[in-house]
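Bear in mind that the values here come from a model prediction, so they are computed numbers and not experimental data. So that the names make sense, note that chain A is the first sequence line, chain B the second, and so on, each numbered from 1.
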2 protein chains.
Amino acid sequence: MSIETLSRKDQINQVAQNLFREKGYSATSMRDLAKAIGIEAASLYSHIKSKEELLQNICFRIAAEFFDEYDRVQNGNADPKLRFRHAVTAHTRVVASNLDASSVFFNEWRHLNEPSLSEFKAQRAAYEDRFKNLLKEGIEAGVFRKVQVSFAMRLVFSTLNGIPTWYRNDGALSPDQIAEQIADFLLEGLLKK
Amino acid sequence: MSIETLSRKDQINQVAQNLFREKGYSATSMRDLAKAIGIEAASLYSHIKSKEELLQNICFRIAAEFFDEYDRVQNGNADPKLRFRHAVTAHTRVVASNLDASSVFFNEWRHLNEPSLSEFKAQRAAYEDRFKNLLKEGIEAGVFRKVQVSFAMRLVFSTLNGIPTWYRNDGALSPDQIAEQIADFLLEGLLKK
DNA sequence: TATCTTTGCTAACGAACGTTAGTTTAAACA
DNA sequence: TGTTTAAACTAACGTTCGTTAGCAAAGATA
């Protein structure tokens with residue numbers, strides 16, 4: 001969907017995602033946002049309630065995408081290695097296909113106020129727990145090395161959540177391609193066997 | 001060195017590191033900073049030139065630490081695997097021992113103005129090149145899998161630069177300990193061999 | 001065409017921003 | 001002790017902030 005066919009409200013959300021990512025939430029003024037769209041700052045308020053509402057929408061929409069994509073690829077039948085791979089590739093695809101929103105999700109969530117802030121943290125913790133369980137199952141099945149589950153989960157998410165710092169979705173590598181390569185990297189490591 | 005024995009200027013830098021990390025550079029006001037120290041905002045300017053000078057000092061001091069620690073552990077004699085391990089553990093130690101400054105270095109550098117911004121990017125690129133070369137040597141020596149060097153470097157730094165999002169230097173795990181474990185993770189991967 | 005609703009505008013509010021000027025206090029030194 | 005210097009203070013500057021009020025234009029509906 002090109003940007004011209006979006007409703008103004010959707011357009012505001014999309015441009016806000018991009019500006020919040022590039023400049024940060026606090027350093028992005030409503031006048032910056034309005035100017036990027038081509039209207040006056042006050043006109044934004046015909047479509048949105050507040051600046052923070054924009055941040056909330058961005059953070060919780062992409063959070064829902066993470067959950068949805070995870071649930072879609074976890075049918076519960078596969079072995080631990082494959083289930084972990086599916087989770088990693090699902091997460092990677094969501095990030096790589098939504099670079100602006102993901103960046104905001106990873107870096108700007110702290111500017112949420114209560115009660116959104118607590119809700120955000122709760123959802124994130126629940127999502128992280130799913131990956132911890134996958135790691136635990138892999139270790140118990142003897143497929144993964146005996147690493148600390150919580151520690152490994154943090155390293156995995158560090159790797160995945162850094163994607164927006166370097167990946168450009170410009171056709172050179174598709175989201176699906178980097179998803180598979182990142183899964184290989186996490187599972188196999190750098191060393192040749 | 002406890003915070004009481006610091007010069008006021010060093011104290012300002014230290015508190016600024018912490019606030020810039022916790023709230024972000026733009027969301028941290030000079031009044032916030034002054035209040036955390038226990039003086040008035042205007043009094044800060046007896047010791048510093050500007051808010052941006054604080055950011056510059058933080059970013060370039062930790063950048064120098066990265067280079068220094070890298071150079072210290074690279075004597076050039078070791079094999080590719082060990083040289084890579086030394087680079088990773090050196091980087092990790094600097095991050096884990098300077099969580100506030102590292103966070104600012106990773107996340108707030110974009111608020112630098114020219115010419116500091118270009119200088120920052122140049123230094124970072126030079127540092128990243130050292131890791132790319134280590135990866136290239138490891139692949140050519142047949143020790144590392146044949147991955148894209150630039151891609152692997154990005155994944156490595158994503159893993160390392162995410163440390164401040166989860167690590168607390170509270171004695172449970174020392175910087176040296178996580179450095180070794182992270183190096184294992186990057187080299188060996190999750191799968192049991 | 002007449003009416004209603006949506007979407008934009010200009011103007012402005014009160015608050016917070018980084019920073020400067022000018023002054024007072026405290027510390028260091030003669 | 002008297003003098004100099006460093007480091008704090010109060011007050012305020014011009015700017016920008018998110019947001020609101022009130023009004024005009026444009027589009028949809030009757």
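Scanning residues 49-57 of chain B for heavy-atom distances under 4.0 Å to DNA chain C yields Ser50(B), Lys51(B). Against DNA chain D, the stretch residues 36-45 of chain A makes heavy-atom approaches under 4.0 Å through Ala42(A), Tyr45(A). Near DNA chain C, defined here as any heavy-atom distance below 4.0 Å, the residues from residues 22-35 of chain A are Arg31(A), listed numerically.
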Practice task
Please step through side chain to side chain donor-acceptor pair (under 3.5 Å) for the pair Gln181(B) and Gln177(B), ending with a clear verdict.
Solution key: CA-CA 6 Å; Gln181(B) 290 188 33; Gln177(B) 283 176 307; over 6 Å; no
Exercise for the section: Tell me, with the steps shown, if Glu188(A) and Leu190(B) meet side-chain contact (heavy atoms from CB on, under 4.5 Å). Expected result: CA-CA 7 Å; Glu188(A) 308 280 349; Leu190(B) 281 167; over 6 Å; no
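The CG atom of Asn169(B) lies 6.0 Å from the CG atom of Leu99(B); values are rounded to the nearest 0.5 Å.
Here the shortest heavy-atom pairing between Ile178(B) and Ala96(B) reads CD1-CB, 3.8 Å. Nearest heavy-atom pair, Lys51(B) versus Tyr25(B), reported as atom, atom and distance to 0.1 Å: NZ-O, 2.9 Å. Residues Gln17(A) and Val104(A) share a closest heavy-atom pair of O-CG2, 3.6 Å. The minimum heavy-atom distance linking Val73(B) with His86(B) is given by the pair CG2-O, 3.6 Å.
The salt bridge (Lys or Arg N to Asp or Glu O under 4.0 Å) test applied to Lys23(A) returns Asp32(A), not counting sequence neighbours.
Counting heavy-atom neighbours within 6.0 Å of Lys193(A) NZ, excluding the residue itself, gives a total above 12.
Read 5' to 3', the first and last nucleotides of DNA chain C with an atom closer than 4.0 Å to a heavy atom of chain A are dT7(C) to dA12(C).
Aromatic ring pairs are classed by plane angle as parallel below 30°, tilted from 30° to 60° and perpendicular above 60°; the pair Phe131(A) and His91(A) is perpendicular.
Between the side chains of Ser158(A) and Thr159(B), not a single donor N or O lies within less than 3.5 Å of an accepting N or O.
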Output side-chain donor-acceptor pairs under 3.5 Å for residues 133-151 of chain B, partner residues at least two apart or in another chain, one line each.
residue	atom	partner	partner atom	Å
Asn133(B)	ND2	Asp129(B)	O	3.4
Glu137(B)	OE1	Arg83(B)	NH1	2.7
Arg145(B)	NH1	Gly189(A)	O	2.4

